[in-house]
There are 2 protein chains.
Amino acid sequence: MTERTFHPPQRTLMGPGPSDVSPRVLEAMCRPTIGHLDPVFVAMMDELKGMLQYAFQTNNQMTMPVSAPGSAGMESCFANLVEAGDQVVVAQNGVFGGRMKENVERCGGTAIMVEDEWGTAIDLNKVEDALKANPDAKVLAFVHAETSTGAQSDAKGLAELARKYNCLSIADTVTSLGGTPLLVDEWGLDAVYSGTQKCLSCTPGLSPVTFSERALEHIKGRETKVQSWFLDLNLVMGYWGEGAKRAYHHTAPINALYALHESLLILKEEGLENSWARHKHYHMALRAGLEALGLEFVVAEADRLPQLNAVKIPEGIADAVVRGKLLNDYSLEIGAGLGPMAGKVWRIGLMGHAANAKNVRLCLSALDNVLSGLGAGHSRGAAIEAAEKVLSAG
Amino acid sequence: MTERTFHPPQRTLMGPGPSDVSPRVLEAMCRPTIGHLDPVFVAMMDELKGMLQYAFQTNNQMTMPVSAPGSAGMESCFANLVEAGDQVVVAQNGVFGGRMKENVERCGGTAIMVEDEWGTAIDLNKVEDALKANPDAKVLAFVHAETSTGAQSDAKGLAELARKYNCLSIADTVTSLGGTPLLVDEWGLDAVYSGTQKCLSCTPGLSPVTFSERALEHIKGRETKVQSWFLDLNLVMGYWGEGAKRAYHHTAPINALYALHESLLILKEEGLENSWARHKHYHMALRAGLEALGLEFVVAEADRLPQLNAVKIPEGIADAVVRGKLLNDYSLEIGAGLGPMAGKVWRIGLMGHAANAKNVRLCLSALDNVLSGLGAGHSRGAAIEAAEKVLSAG
């Protein structure tokens, strides 16, 4: 046989996720597996749930990690809240808004699309017009932090609009959780999903979600069963909900939950505000360097996510060549563009554990070398110098 | 803050799963995370897929791990194969057949139930009668190895019946894969799902699945979209299928896939036939000991799964007391009964890495001590003696 034990190279992950995983998280992940109904495990779950409530800034009892990646978290929101015939207003300003449309339709609902240009924030006026024009709409869905473009939208304002027009809100916070302010209760969001592999510095594979009481009431009052057994919150609540009997629903991904527990512990030790500030700080350093390289940001300054820096690929520079050199010569991964942005932008992540000075320096020096080698016209060394100014000021 | 790093106790897992995980698998799991589109990762996926084909004994191109636990694997089979209005014959002889019914109904189909007593194998005659009586049925679904009872059914015979009556077959092999013969191609199964946390000695969280060409043709010819975006094979094929472009669908659970890769490697090194024989051997030893303890098997000898030993709890012995003592005094987990069998049976697993002499000895001596302490009338030491005879003969 030719198969062998797999030894991955050690990369620096500065794409749109997965991002660098903390060694503490990896260490947690390989501790001995125990049973999913073991009292010791159940106590760990309670602690994990409490820390997830902290990360989301919520008291929602229904706060837990879905045992599958972010797209399943998205689906758990739509499948539970949307019934056949329902109208859902979906604000789209990137790839993930489009995926929301797919979700609505696969639940038998009608998606009323409100489209904004990719790379811009969602326009609240347009959303309000759509809500006014569609008084039967039951849900407003939007992406807080568009991973495909690096644009951040006003989740608080959108949640307010949803309430004003008697809609539940569904928010994609896959890239924002832990990296940029997200206040689920204060903003009044109803169904929120995220991922572990971005600003939580954890391995990919789980999707933290939280549901408001209002959302749960809606789910309990559904006329039809949730179309997914696996994601049906009425069943999952028996395992993760308030006063849950920890009834067997499915076998929890034990070791992945050890990892998430540790990553949430790291977040709590640092403190949410400090984590947000750290992301911002290294973003400012990276930004100074990228601009010194002559790279232009896709998103206007006010709407930029610090943790996901989308920049335009300079004229005449081949996307794949640059990313290939970064990966092969520097073991550094940055992200390609998605959809209409493929070949046109790079997405440089500074997420969770990866938001640090070492990564800023590596990324800028590597890009400086590679772009210079391809004849891009910028002053060698200027990028690092610009970044160092910000780093030393921090 | 009161939260701390979680250090699980070291258990011996002899329940219905998760079972003991090989240290090699845990070690693989905590290697550095890399990107899901990294060429090195993609090459690992190819290797993993090949080993999964070996484990399933299939050449099916559509063979891959669903990025979620077994119940999502089950759902991926039903959601892709069943459309609203379809009739599905479901053979039920335990908990998981009941879950299949739920899946059929949530896809808008009608489940035609063929019920057998829990703890018995599926009666092929009754299934044939149902197929004859329902000529419009499109799918026959059944559980190969009922994890709730420890009964094994004739998957080969059931697959033949499905073909004879022009149905596709869906088989639950969560507990059989790797532990007991399963020949997907030779038997002609169409859609098969399994889990990682049983006889593959891997951590829980993924669900290996395989689909025949006939199943794929059916999926491509669907009149409606698959109701789950996350599980839609038409989309997943772009990432895992033949000649796949590794198009981004969702972020794969990287480290969990490292673990599965290593567990499949261990299986291939041992060889499937040897693994089956090992499960059988330790089952015979455990069985001799359990019988010497006066414990009666739930399932008739011919239909017993070697890897899951369901025994009746003796009169007057309190289920929770025994399991509690085993867990607290021996750090040994055995499984409780599910559904109507709760409180009436124990399920003792010998799965994957856990199918070894040490576990047989631990389990029998612990049960001997605990049951004696509760005044059960059996001869002390006889269980181990009976097991040792089998072990030394092996």
Side-chain angles (χ1 to χ4, degrees), chain A residues 1 3 5-11 13 15 17-18 21 26-36 38 40-41 44 47 51 67-72 75 99 102-103 105-106 195 197 203-205 225-230 248 250-256 258 261-262 265 268 327 333 338, chain B residues 1 3 5-11 13 15 17-18 21 26-36 38 40-41 44 47 51 67-72 75 99 102-103 105-106 195 197 203-205 225-230 248 250-256 258 261-262 265 268 327 333 338:
Chain A
M1 56 189 277
E3 297 89 352
T5 288
F6 180 64
H7 290 279
Q10 192 168 355
R11 303 291 194 208
L13 300 180
V21 173
L26 292 174
E27 198 185 321
M29 197 160 195
C30 69
R31 298 208 172 101
T33 307
I34 62 175
H36 58 113
D38 193 311
V40 178
F41 184 71
M44 190 282 279
E47 206 171 86
M51 293 194 290
S67 303
S71 19
E75 201 156 311
R99 194 173 292 183
E102 279 283 341
N103 268 270
E105 291 171 354
R106 286 167 193 244
Q197 76 281 16
T203 49
K225 276 192 181 176
V226 173
Q227 66 187 24
S228 167
W229 185 92
F230 174 58
Y248 167 61
H250 65 272
T251 304
I254 309 293
N255 294 64
Y258 295 169
H261 180 277
E262 188 69 17
L265 185 63
K268 204 167 173 201
L327 192 70
E333 179 177 277
L338 272 186
Chain B
M1 56 189 277
E3 296 89 352
T5 289
F6 179 65
H7 289 279
Q10 191 167 355
R11 302 291 195 209
L13 300 179
V21 173
L26 291 173
E27 198 186 322
M29 198 160 193
C30 68
R31 298 209 173 99
T33 306
I34 62 175
H36 58 112
D38 193 312
V40 178
F41 184 72
M44 191 280 279
E47 206 171 84
M51 292 193 291
S67 302
S71 21
E75 201 156 311
R99 194 173 291 182
E102 279 284 341
N103 267 269
E105 290 171 355
R106 286 166 192 245
Q197 77 279 16
T203 50
K225 276 191 181 177
V226 173
Q227 65 187 25
S228 166
W229 185 92
F230 174 57
Y248 167 61
H250 65 272
T251 304
I254 308 294
N255 293 65
Y258 295 169
H261 180 276
E262 189 69 16
L265 186 61
K268 204 168 172 201
L327 193 69
E333 180 177 278
L338 273 187

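- The backbone N or O of A/W229 lies less than 3.5 Å from a partner atom in the side chain of B/E75, making a donor-acceptor pair.
- One finds the CD atom of B/E3 at 7.0 Å from the NE2 atom of A/H261 (value rounded to the nearest 0.5 Å).
- Put simply, of B/S228, B/P32, B/A68, the one with the most heavy-atom pairs under 4.5 Å next to chain A is B/S228.
- Between the side chain of B/R31 and the main chain of A/L26, no donor-acceptor pair closer than 3.5 Å is present.
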Item to complete: Assess whether side chain to side chain contact (heavy atoms under 4.5 Å, CB included) is satisfied between B/I254 and A/T203, documenting all intermediate values.
Response: CA-CA 7 Å; B/I254 308 294; A/T203 49; over 6 Å; no

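- Your options are A/C30, A/G70, A/S71, and the one with the most heavy-atom pairs under 4.5 Å with chain B is A/C30.
- Side-chain contact between B/V40 and A/F6 is present, with at least one heavy-atom pair separated by less than 4.5 Å.
- Here CE of B/M44 is found 11.5 Å from OG1 of A/T5. Values are rounded to the nearest 0.5 Å.
- Comparing A/E27, A/R11, A/E105 by how many heavy-atom pairs each has under 4.5 Å with chain B, the most go to A/R11.
- The choice from A/P253, A/G15, A/A28 that makes the most heavy-atom pairs within less than 4.5 Å of chain B is A/P253.
- At distances below 3.5 Å, not a single donor-acceptor pair connects side-chain atoms of A/E333 with backbone N or O atoms of B/I34.
- Within the 4.5 angstrom heavy-atom criterion, atoms from both the backbone and the side chain of A/A72 approach chain B.
- With a 4.5 angstrom heavy-atom cutoff, A/L265 touches chain B via backbone and side-chain atoms both.
- Interface remark: A/Q227 contributes backbone and side-chain atoms alike to the contact with chain B (heavy atom separation under 4.5 Å).
- Residues B/F41 and A/P8 have side chains not in contact (no heavy-atom distance under 4.5 Å, counting atoms from C-beta outward).
- For the pair A/T33 and B/P204, the minimum side-chain heavy-atom distance is below 4.5 Å.
- At a 4.5 Å heavy-atom cutoff, the contact between A/H250 and chain B is made by backbone and side-chain atoms alike.
- Put simply, NE2 on B/H7 and OH on A/Y258 are 11.5 Å apart, with the number rounded to the nearest 0.5 Å.
- Counting heavy atoms from C-beta outward, A/H36 and B/P18 have side chains that approach closer than 4.5 Å.
- Nearest approach of B/S67 to A/P69, heavy atoms of both residues: O-CD, 3.2 Å.
- A donor-acceptor contact shorter than 3.5 Å links the side chain of A/R106 to the backbone of B/V226.
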